[in-house]
Structure formats: structure tokens, C-alpha cells
Amino acid sequence: QKAAQNLKPVVPIKFRISSRTDTGVHALCNSAHFDIQRAPGKPAFNEKQVISCLNYHLRPEPIRILNIFRVANSFHARFSALSRTYIYRLLMGCSHHSEIPVFERDLCWAPAGGHLNMPAMQDAAQFLLGTHDFSTFRSLNSETPFQSPVRTILQVDIRPSSGFLSHHYEHRGLEFWELKFRSRSFLYRQVRRMVGALVAVGQGKLTPHHIKELLEIKDSRAFPPNAMAPPSGLFLKSVEY
């Protein structure tokens with residue numbers, strides 16, 4: 001918003017963001033909308049001018065504007081979204097957190113033990129697909145009493161991935177995996193809880209069928225203690241309209 005004020009709008013600009021994320025979570029791409037009104041007699045900005053101005057004033061910040069589109073007055077970055085896609089990056093092969101490549105620090109999670117049973121995790125993930133009451137998979141906050149715990153998970157994928165500059169340390173036997181989740185919306189910390197439960201399956205602490213049982217319990221207190229995945233591996237990948 002501070003950067004946008006350099007466009008000299010008649011009315012202060014207010015950004016409406018599509019999604020909020022926890023502290024420590026990243027966004028490969030996020031969306032926002034804003035209205036801008038120029039002084040009488042001045043022509044409307046074109047998209048290129050707005051991108052150039054905002055990025056110039058955002059230089060010190062870890063954020064860049066990738067695209068700008070003119071939209072209808074009825075558009076809302078949050079409420080017009082059809083779905084949101086998150087990915088969670090896991091690193092296997094590390095027996096201690098000090099073995100995480102320095103360029104991957106705070107950008108992935110290397111669960112204790114160094115190895116995960118991926119086929120078991122893929123089996124467990126299928127129980128999360130579809131429409132369910134996800135009460136067990138949400139953390140409580142001030143919005144909890146006003147939010148329905150029912151959500152529809154449209155996609156869950158668990159696949160091998162690549163790390164940043166990973167071809168330079170192939171000899172270390174490190175493996176990156178990505179967990180992808182897509183839904184119209186998610187509950188507070190739902191993705192991190194789902195990832196944590198799936199990792200517990202991969203570690204042999206839970207069976208795939210335990211995921212189904214956790215869904216059926218519908219109680220956030222039933223979630224295994226200390227199982228929630230840390231924020232560092234989570235990325236908002238895209239918002240679909």
C-alpha cells in the first residue's frame with residue numbers, strides 16, 4: 001500500500017488480498033485487488049506503468065508484482081477465487097537439521113529420522129480427498145466459532161521434486177518431495193496439520209487408516225500432539241479464478 005501511494009491516487013489505495021498465510025509461510029504467487037482513482041483530467045494508468053512503479057518502490061521488500069489485469073467492479077481477490085493451491089516441500093536423507101543445504105534453509109522441512117514411507121503417505125492422502133468435516137485438522141482461533149469446518153479437497157498429490165541447485169549435491173543422497181493440495185479454501189493451519197499427519201504415517205507413527213479415523217473424530221484436540229508441520233516448507237503456489 002505504501003508503494004502504491006507513489007501513484008498519487010486521489011483516494012488512498014487499499015489492497016484486498018486473496019489469502020493470508022502464517023508467519024514463516026511463503027508464496028510463489030498471491031493475488032490482490034485494488035481500486036485507483038487519478039486526479040480529474042489525468043489518463044488512466046496502463047498495466048505496464050503500475051507494475052513498473054510498484055516494483056520500483058518494492059525493491060527492498062521480498063515481494064514482486066508479476067502481472068496486473070484490469071477487472072470488473074464485481075471482482076474480489078478473495079471471494080472470486082475458484083481454488084487455491086498449496087505445496088509443501090519435504091527433504092529426506094538428513095539425519096540432523098544441520099545437514100539441510102544452506103540454500104534450502106527455511107524453505108523445506110527435513111523430518112526427524114531422514115526417511116519416510118512415501119507409498120504409505122500416498123495411500124493415506126486419498127482419505128483427505130473430497131468433502132469432509134476437517135475439525136480435527138484445524139487449529140483454533142478467533143474465527144473458529146463463525147467458520148464451517150467442512151471443506152472440499154479437490155487434489156492431493158505427493159511426488160518427487162527437485163531442490164535448488166540439487167544437481168550440485170546429488171552425491172549426498174538427498175531427496176526432495178512435494179505435497180500438493182488444492183481446495184477453494186482451507187481452514188486455519190489445515191494444510192500444515194494434514195502434512196504433519198501424513199508425515200507421521202510416513203514415519204510409521206500412524207497407519208494410513210488413522211487419517212480416516214482422525215477425520216471421523218471431528219475434534220481438534222484429537223490431533224496428535226506436536227505433529228503439525230512447521231511453516232518453513234509451505235508455499236501458496238497459486239490462486240485460480
Side-chain angles (χ1 to χ4, degrees), residues 1-89 101-109 141-143 147 154-155 161-166 168 176 178-192 229-241:
Q1 288 181 179
K2 287 180 183 175
Q5 290 309 121
N6 291 283
L7 293 165
K8 302 290 191 292
V10 175
V11 179
I13 288 173
K14 173 76 174 173
F15 279 85
R16 309 289 178 178
I17 311 294
S18 75
S19 303
R20 293 178 297 171
T21 57
D22 299 341
T23 300
V25 175
H26 316 283
L28 296 171
C29 187
N30 203 345
S31 304
H33 80 264
F34 66 94
D35 298 315
I36 181 165
Q37 184 179 338
R38 297 200 77 182
K42 292 208 169 187
F45 286 113
N46 63 47
E47 288 88 338
K48 209 169 188 178
Q49 288 173 315
V50 179
I51 290 179
S52 177
C53 175
L54 292 183
N55 281 334
Y56 178 83
H57 292 285
L58 285 169
R59 282 180 303 173
E61 305 295 336
I63 182 173
R64 292 296 176 270
I65 308 302
L66 303 177
N67 270 308
I68 286 184
F69 306 95
R70 202 174 295 278
V71 291
N73 286 338
S74 58
F75 178 86
H76 194 288
R78 179 180 175 188
F79 301 118
S80 299
L82 299 176
S83 64
R84 294 161 174 84
T85 301
Y86 282 87
I87 60 170
Y88 197 99
R89 302 181 69 239
V102 68
F103 295 112
E104 292 285 357
R105 195 172 294 162
D106 298 325
L107 298 173
C108 62
W109 178 28
N141 67 0
S142 59
E143 294 180 4
Q147 272 190 334
L154 302 168
Q155 180 183 11
S161 181
S162 59
F164 180 65
L165 298 173
S166 57
H168 287 292
F176 286 89
E178 280 185 7
L179 286 69
K180 180 191 285 187
F181 301 89
R182 184 166 63 89
S183 174
R184 187 170 186 275
S185 62
F186 293 90
L187 298 166
Y188 180 50
R189 292 182 175 169
Q190 180 185 347
V191 176
R192 289 173 57 194
S232 54
L234 184 58
F235 294 74
L236 173 61
K237 182 180 185 294
S238 57
V239 183
E240 294 82 35
Y241 294 96

Do you know the tightest heavy-atom contact between S74 and S80? O-OG, 4.2 Å
Drop me the distance from Y86's OH to S238's OG, to the nearest 0.5 angstrom. 10.5 Å
Verify, without hydrogens or angle tests, whether R105 (side chain) and V102 (backbone) share a donor-acceptor contact under 3.5 angstrom. no
Does any part of the side chain of K8, heavy atoms only, come nearer than 4.5 Å to the side chain of K42, both counted from C-beta? no
So do the side chains of F235 and T21 get within less than 4.5 Å of each other, counting heavy atoms only? no
Would you compute the distance between atom CZ of R189 and atom CG of L187 and round it to the nearest 0.5 angstrom? 13.0 Å
Salt bridge between E104 and R89, side-chain N to carboxylate O under 4.0 Å? yes
Check whether any side-chain heavy atom of Q5 lies under 4.5 Å from a side-chain heavy atom of I13, and answer yes or no. yes
From R16 atom CZ to F75 atom CZ, the distance as rounded to the nearest 0.5 Å: 13.5 Å
Can R84 be said to sit on top of F186's aromatic six-ring, NZ or CZ under 6.0 Å from centre and within 45° of the ring axis? no
How long is the gap from CG on L58 to SG on C53, to the nearest 0.5 Å? 9.0 Å
Exercise: identify the closest heavy-atom pair between Y88 and A229: OH-CB, 3.6 Å
Contact check, side chains of W109 and P231, non-hydrogen atoms, under 4.5 Å: no
Donor-acceptor under 3.5 Å (Q49 side chain, N46 main chain): yes
Calculate, to the nearest 0.5 Å, the distance between atoms CG and CZ belonging to L107 and F176 respectively. 9.0 Å
Which atom of Q37 lies closest to which atom of V11, heavy atoms considered: OE1-CG2, 3.8 Å
Show the nearest heavy-atom pair for residues I17 and R78, with the distance to one decimal. O-CB, 3.7 Å
If we ignore hydrogens and angles and just use 3.5 Å, is the side chain of H33 paired with the main-chain N or O of A77 as donor and acceptor? yes
Closest heavy-atom pair and its distance - R64, R59: NH2-O, 3.2 Å
Between V191 and V25, is the side chain to side chain contact (heavy atoms under 4.5 Å, CB included) condition met? List the steps. CA-CA 11 Å; V191 176; V25 175; over 6 Å; no
Would you indicate whether the side-chain heavy atoms of F181 and L234 approach each other to under 4.5 Å? no
Taking all heavy atoms of S31 and all of V239, pick out the closest pair and write down the distance. OG-CB, 3.9 Å
Can you name the residues that form a side chain to side chain contact (heavy atoms under 4.5 Å, CB included) with I68, not counting sequence neighbours? E47, V50, I51, L54, I65
Just how far is it from atom OG of S52 to atom NE2 of H57, taken to the nearest 0.5 Å? 9.0 Å
Distance alone, cut at 3.5 Å: any donor-acceptor contact between the side chains of N30 and S18? yes
